[in-house]
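I have placed the structure first, in the form of structure tokens, so that the comments after it can refer back to it.
Just so we're on the same page: letters track the sequence lines, and every chain starts at 1.
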Amino acid sequence: MIMKKVKKYIGGDKNQNYQGDVSVIRLDSIKNIVFKPFKKELKVALGEVTGHSHRVITKTPEKLSWGQDENGYYLKIEDGAKASLVHEEHETHELDGGIYFFGSQWEYDPLEQFRKVMD
Amino acid sequence: MIEINGHKIDPQHYIDKWIKWALEPTLATDNEVTENVQWLYKNAGLKKPKVVIFREWEEFMKYDWASVGDSVRDSVWTSVGASVEAWYWADDLAFADVFTDTKVLDEKKVLELEKYKKVLSSQRLAIYTDDVCYVLVAPVIRRNEEGKLNSESSPSCQWGKTGLYYLNGVSFEKGLWESIVNKTISTKEAISLENQEQKTIAMRFVGGDKLFCDLGGKVRSKDKYGELIELDYKDVNNDNVVYYRSLDPSKNEYIYLLTDPKVETPQEAMTKAYKLQVFNLTYKPSLRT
């Protein structure tokens, strides 16, 4: 069993949360994203070394849809539906109706500006 | 979207599909590889060749190619190629796929396409001669989320037990790759690498903590989100290397993130690290777990 060490940082923008190195940003609206039907789960970040992933799960997949662009993943949850962002080493984030963006952390690369950070 | 034959086509869908296909080949048995090559020769009106199959990269590279040099020069590739060149590469197959979906191709061509896909999916490199075809089978490919060849645990291109090693798209000799991923490389060794791409990646693996201890540095600025640590060492752009440092709440230990030397505060560093400027936001976490 993996023990989850948790420390919360409370304050700031209530629409801006972080699970490890993944951002969970609640958006008012989003344009130019093609949303597809949600299936069993959505992996929004995967650690190659640990194999652990930040993923969205839900009991009502028919009420969720997802999209993606070069910045990260987008999730649309219908009003009244719920989903959870889970990870083996981090506390679960409960998500209710709305539009969310999940972004990985990008590290500066002097050769090519920024690269995505791997767990 | 483009329109062909009355059908709307999203080019990106086909680009993604065929890159994925080309890099995730079906593992084929020796019999399947042989059958595929023999079909290729038969289709070109040539006699059945002997098929030599390599399942290890190193065996293929160390093979006595000088002994087959003459026949390679007399390769019948030109005749084989004439019949297959329109189909041979994955990008051509991708075009064929578009023309299949838009009903430009007839059923016979579609069936032929399927056969060429099988040939291609079973081999990565092939040398076609009159009598013999030398085939290096397709490897297992490992890439990161950005699509670059990358693996910290095995070769990024792996045939059997051998392969080619990459980190974030940069090629490494096996020994150097091992010392980097196992973090046995010293700071001195890392900063002495002549290849700038390799040096940048090696320093990333050495990590901010060790670099801070070995190279020295100072806290340039701090706020409630962390600190910016400036090292007494210049990067490829002649800027002092700067790390963002903060406590990881899930592990209760410091994390270091290489950051743009031009940022002035830890908050600005994290805004850039999470690309929050895309949404006109600055880094102000409500909850970190």
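- Side-chain contact check for M270(B) versus Q105(A): some heavy-atom pair is nearer than 4.5 Å.
- Within the 4.5 Å cutoff, no side-chain heavy atoms of D13(A) are placed close to those of T282(B).
- Proximity to chain B (any heavy atom under 4.5 Å) is restricted, for V22(A), to the backbone atoms N, CA, C and O.
- Note that the CD atom of Q277(B) and the CG atom of N71(A) stand 8.5 Å from one another [nearest 0.5 Å].
- Taking the six-membered ring for Trp, Y244(B) and Y108(A) have ring centres at least 6.0 Å apart.
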(message) Working note: L287(B) + V24(A), criterion side chain to side chain contact (heavy atoms under 4.5 Å, CB included); need CA distance, chi angles, decisive distance, verdict.
(response) CA-CA 10 Å; L287(B) 173 69; V24(A) 186; over 6 Å; no
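- Using a 4.5 Å cut-off on side-chain heavy atoms (C-beta onward), L258(B) and P110(A) make contact.
- Across every non-hydrogen atom of E107(A) and R204(B), the tightest pair is OE1-CD, 2.9 Å.
- In this pair, F279(B) and F101(A) present their aromatic rings tilted. The plane angle is within the 30 to 60° band.
- Seen from the ring of W106(A), K272(B) does not count as a face-on cation partner, given the 6.0 Å and 45° thresholds.
- Nearest heavy atom pair, residue H93(A) against residue T289(B), reads NE2-OG1, 2.9 Å.
- In this structure, D28(A) places its CG atom where only 12 or fewer heavy-atom neighbours from other residues, nucleotides or ligands lie under 6.0 Å away.
- Taking the side chain as every heavy atom from C-beta outward, L281(B) and Q16(A) approach each other to under 4.5 Å.
- Considering only heavy atoms from C-beta on, L276(B) comes within 4.5 Å of I25(A) through its side chain.
- With a 6.0 Å radius and a threshold of 12 heavy atoms from other residues, nucleotides or ligands, D232(B) has its CG atom at or below the threshold.
- The candidate with the highest count of non-hydrogen atom pairs below 4.5 Å against chain A, out of V242(B), I201(B), V236(B), V181(B), is V236(B).
- Y274(B) is listed as a side-chain neighbour of D21(A), based on a closest heavy-atom distance under 4.5 Å.
- In this structure, K234(B) places its NZ atom where more than 12 heavy-atom neighbours from other residues, nucleotides or ligands lie under 6.0 Å away.
- The number of heavy-atom neighbours closer than 6.0 Å to NZ of K17(B), taken from other residues, nucleotides and ligands shown, is above 12.
- More than 12 heavy atoms of other shown residues, nucleotides or ligands fall within 6.0 angstrom of atom CD in E3(B).
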